[in-house]
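To keep things clear, I will list the structure first and then write my remarks on it.
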Amino acid sequence: MQRFEEVYEVVKLIPKGRATSYGAIAKYLNTGARLVGWAMNAAHGLLDVPAHRVVNRNGILTGKLHFESPTKMQELLEAEGHTIKEDKILKFKEIYWDPVIELDI
DNA sequence: ACCATGACTATAA
DNA sequence: CTTATAGCCATGG
């Protein structure tokens with residue numbers, strides 16, 4: 001459980017209009033990427049965790065099916081200024097937010 | 001302790 | 001594009 005807390009903290013720190021990947025968070029916490037996704041699943045609606053800002057390394061909304069509705073995640077991202085095409089964030093590299101760099105351990 | 005599972009990632013074919 | 005393999009780590013049976 002302690003790991004989840006850290007994951008939540010990092011996700012909450014993601015600036016609006018930015019997004020990161022499971023792997024980046026995993027690296028920052030020095031853990032596995034799958035655990036991050038697992039944490040998101042556990043955080044599902046329980047906390048104020050902007051899970052929509054966390055996508056896979058390609059900027060694809062792999063976890064959209066876990067939201068209230070399959071389109072909710074995309075809508076939230078578009079509402080923050082992102083452009084979604086075929087379930088993936090365009091110019092993902094430009095809005096990418098890496099905790100390892102931004103928070104600089 | 002072992003095995004299966006998963007919102008992942010990397011590499012290979 | 002799809003599969004397969006392997007590594008990753010917490011949780012549950």
Side-chain angles (χ1 to χ4, degrees):
Chain A
M1 276 301 187
Q2 53 186 48
R3 296 293 184 177
F4 293 7
E5 295 279 337
E6 301 182 86
V7 175
Y8 302 152
E9 288 303 309
V10 176
V11 175
K12 287 180 181 177
L13 291 176
I14 302 174
K16 180 185 178 187
R18 298 293 221 79
T20 189
S21 66
Y22 301 89
I25 297 175
K27 183 179 180 183
Y28 176 73
L29 298 177
N30 194 35
T31 185
R34 311 193 71 157
L35 173 50
V36 178
W38 209 88
M40 288 298 97
N41 185 47
H44 187 273
L46 300 178
L47 303 173
D48 301 329
V49 181
H52 58 282
R53 293 180 186 153
V54 183
V55 296
N56 74 350
R57 75 182 186 84
N58 294 313
I60 298 176
L61 290 50
T62 54
K64 70 175 192 173
L65 295 177
H66 293 265
F67 281 74
E68 303 174 36
S69 69
T71 57
K72 187 66 176 178
M73 188 175 189
Q74 180 174 327
E75 292 175 9
L76 289 172
L77 289 171
E78 295 183 319
E80 294 188 358
H82 298 296
T83 302
I84 313 299
K85 182 75 174 182
E86 301 295 314
D87 292 342
K88 68 182 176 185
I89 303 175
L90 298 185
K91 299 181 180 179
F92 178 60
K93 184 178 181 180
E94 296 177 26
I95 61 91
Y96 185 65
W97 183 85
D98 189 337
V100 179
I101 298 176
E102 304 297 335
L103 299 180
D104 195 11
I105 311 173

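Chain letters run A, B, ... following the sequence lines, proteins first, then strands; residues in each count from 1.
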ask   = Toward the 5' end of DNA chain B, which comes first, A:R57 or A:V54, by nearest nucleotide?
value =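 The residue whose closest nucleotide sits nearer the 5' end is A:V54.
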Test your reading of the model: is there a side-chain donor-acceptor pair from [X] to the backbone of [Y], 3.5 Å cut-off?
{"X": "A:N58", "Y": "A:I60", "result": "no"}
{"X": "A:T20", "Y": "A:D98", "result": "no"}
{"X": "A:H44", "Y": "A:H66", "result": "yes"}

Interatomic distance where [atom1] belongs to [X] and [atom2] belongs to [N] [whole Å]:
{"X": "A:N58", "N": "C:dC1", "atom1": "CG", "atom2": "C1'", "answer": "13 Å"}
{"X": "A:L29", "N": "B:dT9", "atom1": "CG", "atom2": "P", "answer": "14 Å"}
{"X": "A:K27", "N": "B:dC8", "atom1": "NZ", "atom2": "C1'", "answer": "15 Å"}
{"X": "A:I60", "N": "C:dT2", "atom1": "CD1", "atom2": "C1'", "answer": "13 Å"}

task = Report the C-alpha distance between A:E68 and A:K72 in whole Å, list the side-chain angles of each, state the deciding distance to 0.1 Å, and finish with yes or no for side chain to side chain contact (heavy atoms under 4.5 Å, CB included).
result = CA-CA 7 Å; A:E68 303 174 36; A:K72 187 66 176 178; 4.2 Å; yes
Parallel, tilted or perpendicular: ring planes of A:W38 versus A:F4, cut at 30 and 60 degrees =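 Aromatic pair A:W38/A:F4 classed tilted.
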request  = Give A:A51 one of three labels, base, sugar-phosphate or nothing, depending on what nucleic acid heavy atoms sit under 4.0 Å from its own.
outcome  =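 Contact class for A:A51: base.
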ask   = Counting any heavy atom closer than 4.0 Å, what does A:N41 reach on the DNA or RNA strands: base, sugar-phosphate only, or nothing?
value =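 A:N41: base contact, heavy atoms under 4.0 Å.
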ask   = When you look for runs of 3 or more Watson-Crick or G-U pairs in a row, both distances below 3.5 Å, which of them include DNA chain B?
value =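 Only these stems qualify: B:2-6 with C:9-13, B:8-13 with C:2-7.
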Cluster question for you: counting only ILVMFWY and a side-chain heavy-atom cut-off of under 4.5 Å, with indirect links fine, are [X] and [Y] together?
{"X": "A:M40", "Y": "A:I89", "answer": "no"}
{"X": "A:V7", "Y": "A:V54", "answer": "yes"}
{"X": "A:L103", "Y": "A:Y96", "answer": "no"}

Give each protein N/O atom lying under 3.5 Å from an N/O atom of nucleotides 7-13 of chain C, with the pair distance.
residue: C:dG7; atom: O6; partner: A:R34; partner atom: NH1; Å: 3.0
residue: C:dT11; atom: OP1; partner: A:M1; partner atom: N; Å: 2.6

query = Does A:E80 pair with A:R53 as a salt bridge, N-O distance under 4.0 Å?
reply =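 A:R53 and A:E80: salt-bridged.
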A:K64 and A:D87 ion-paired at < 4.0 Å =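 Answer for the salt bridge query: yes.
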key: Sub-4.0 Å heavy-atom contacts from residues 73-88 of chain A onto DNA chain B, ordered by number   =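 DNA chain B contact set from residues 73-88 of chain A: none.
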message = Using side-chain heavy atoms (C-beta onward) and a distance below 4.5 Å, is A:Y28 in contact with A:E6?
response =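 No - every pair of side-chain heavy atoms lies 4.5 Å or more apart.
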